[in-house]
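Working notes, beginning with the structure itself.
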There are 2 protein chains.
Amino acid sequence: MARTVLDRSDVVLALAGVFRERGFEGGSLSVIKQKTGIGRGSLYHFFPEGKTDMARAVLDQVSDWFEEKIFVPLRTATDPQKAIADMSRAVAEYFISRQCVCLFAAITLGEEQETFAKAVKSYFTEWVEALTGVLRLAGLSPQEAADRALDAVAVIQGGLILARAYGDDQTFLGIVDRAENNLLAPTR
Amino acid sequence: MARTVLDRSDVVLALAGVFRERGFEGGSLSVIKQKTGIGRGSLYHFFPEGKTDMARAVLDQVSDWFEEKIFVPLRTATDPQKAIADMSRAVAEYFISRQCVCLFAAITLGEEQETFAKAVKSYFTEWVEALTGVLRLAGLSPQEAADRALDAVAVIQGGLILARAYGDDQTFLGIVDRAENNLLAPTR
DNA sequence: GTCTATAAAGCGATAGAC
DNA sequence: GTCTATCGCTTTATAGAC
């Protein structure tokens with residue numbers, strides 16, 4: 001019989017897929033087993049503290065991805081226009097290829113919200129602050145930059161909800177496009 | 001011993017509170033009992049089909065509220081500026097007083113998403129279309145009206161996520177305020 | 001590192017007394 | 001209309017073989 005030997009990041013990736021599809025609470029060990037073939041033994045080997053540990057690992061992996069692909073590029077940008085275009089493209093591609101689910105948003109609902117409150121807050125704070133920085137570099141006032149950054153992150157998150165509700169990625173892509181344009185639009 | 005005799009809408013209201021706090025799946029019968037005092041007997045008297053029935057009743061009640069307080073006023077508006085101001089105020093008050101949770105958005109995550117896909121889609125469609133109508137009344141082009149309406153609903157939904165993430169209603173109120181201003185802002 | 005068997009607790013749902 | 005007791009099932013978690 002074929003046995004697959006996994007490493008931890010494979011397991012985390014598989015868990016993320018299940019949690020996106022079924023939610024953190026709906027992603028039970030039997031569903032995980034069924035959808036990924038990963039059994040209880042492996043799960044508790046990699047995550048000795050159980051399900052909370054699994055959720056933490058998944059959120060950490062998402063957080064690392066955004067740090068590297070979105071936040072750092074924004075913080076080190078020299079061309080605001082390009083930085084914002086890059087962010088929009090990367091974010092759109094990320095969520096479209098991941099069922100239009102943001103796991104950080106997902107965990108603000110349900111039982112474990114308090115457990116991950118700090119991680120959730122930093123995820124959104126980092127994003128908004130990095131984006132604010134780019135807008136200030138582009139010459140916007142601190143207040144205007146902060147407001148536009150917050151609105152952009154909000155409309156992206158709301159766009160994910162509407163994409164799931166409509167069952168239509170195109171809706172989300174349109175929202176991201178317009179958000180991109182609004183970020184550097186001339187002040188009225 | 002005191003016995004409370006409930007009517008159905010009281011129970012639905014209590015259920016909505018629990019589901020907002022704990023999610024649909026986290027709101028188990030024992031949690032409901034513990035938080036509301038409503039026992040299994042009453043629950044299955046009002047909702048013979050069980051938990052799915054409870055979720056449906058809660059979503060129906062939310063839907064009715066929005067229909068009456070938000071969608072109908074938008075559809076019958078004659079003064080766009082006032083209609084949009086009224087909507088913003090009503091929506092802000094609604095969500096602030098309900099833990100910044102939109103149950104229609106919440107149910108797009110988790111196991112029961114397919115069961116309620118149709119209801120979710122109409123909730124958002126009705127909202128966006130009613131708002132689009134007001135914007136066209138205000139003289140915007142069909143495309144511009146539809147885009148702005150969609151963006152406004154999205155930014156409100158995303159604002160709820162950020163409000164929960166930040167643990168701060170003020171963030172949400174700012175987002176709603178700016179959304180209101182953007183809706184009727186002059187075309188650039 | 002992965003497996004299976006199993007424990008202990010919790011789940012939704014039902015039945016029947018009041 | 002509400003209660004409690006209970007059923008059958010699933011859940012997370014553990015133990016021990018391989």
Discussion item. Over all strands shown, is A/I38 touching base, sugar-phosphate only, or nothing at heavy-atom distances under 4.0 angstrom?
Written reply: nothing

Worksheet entry | Shortest non-hydrogen separation from B/L131 to B/L74 and the atoms involved | N-CD1, 3.9 Å

Worksheet, complete the sentence: Contacts of A/Y44 and B/G37 projected onto DNA chain D by closest heavy atom; the upstream (5') one is B/G37

Fill in: Distance in angstrom units between A/K51 NZ and D/dA13 P, rounded
8 Å

Worksheet entry | Value in whole Å for how far the C1' atom of D/dC9 lies from CG of B/L29 | 14 Å

Practice prompt. Give the rounded distance in Å between these two atoms: CG of A/D53 and P of D/dT14.
Written response: 11 Å

Worksheet item: Between A/R22 and B/E25, is the closest basic N to carboxylate O distance under 4.0 Å?
Response: no

Worksheet item: Do you know the tightest heavy-atom contact between A/D168 and A/T171?
Response: OD2-OG1, 2.7 Å

Worksheet item: Rounded to the Å, how far apart are B/K33 NZ and C/dC11 P?
Response: 14 Å

Worksheet item: With a 3.5 Å cut-off and no angle check, do the side chains of A/D60 and A/S63 form a donor-acceptor pair?
Response: no

Worksheet item: In terms of side-chain heavy atoms of B/H45, which of D/dG1, D/dT12, D/dA5 is nearest?
Response: D/dG1

Worksheet entry | Whole-Å gap separating P (D/dT2) and CZ (B/R40) | 16 Å

Item to complete: Kindly give the heavy-atom pair with the smallest separation between A/I156 and A/M87, and that separation in Å.
Response: CD1-CE, 4.5 Å

Practice prompt. Would you kindly compare A/P48 and A/S30 by the position of their nearest DNA chain D nucleotide and give the one closer to the 5′ end?
Written response: A/S30

Worksheet, complete the sentence: Taking C/dT2, C/dT14, D/dT12 as options, the one with an atom nearest any side-chain atom of A/V5 is C/dT2

Discussion item. What is the separation between atom CD on B/E49 and atom C1' on C/dT14, rounded to the nearest whole Å?
Written reply: 15 Å

Fill in: C/dC11 OP1/OP2 closer than 4.0 Å to side-chain N/O of B/S28
yes

Practice prompt. Mind calculating the distance between CD (B/Q34) and P (D/dC3) to the nearest angstrom?
Written response: 15 Å

Worksheet item: Between D/dT2, D/dT6, C/dT2, which one does the side chain of A/S42 approach most closely?
Response: C/dT2

Worksheet item: When the distance from CG of B/D10 to C1' of D/dT2 is rounded to whole Å, what number comes out?
Response: 15 Å

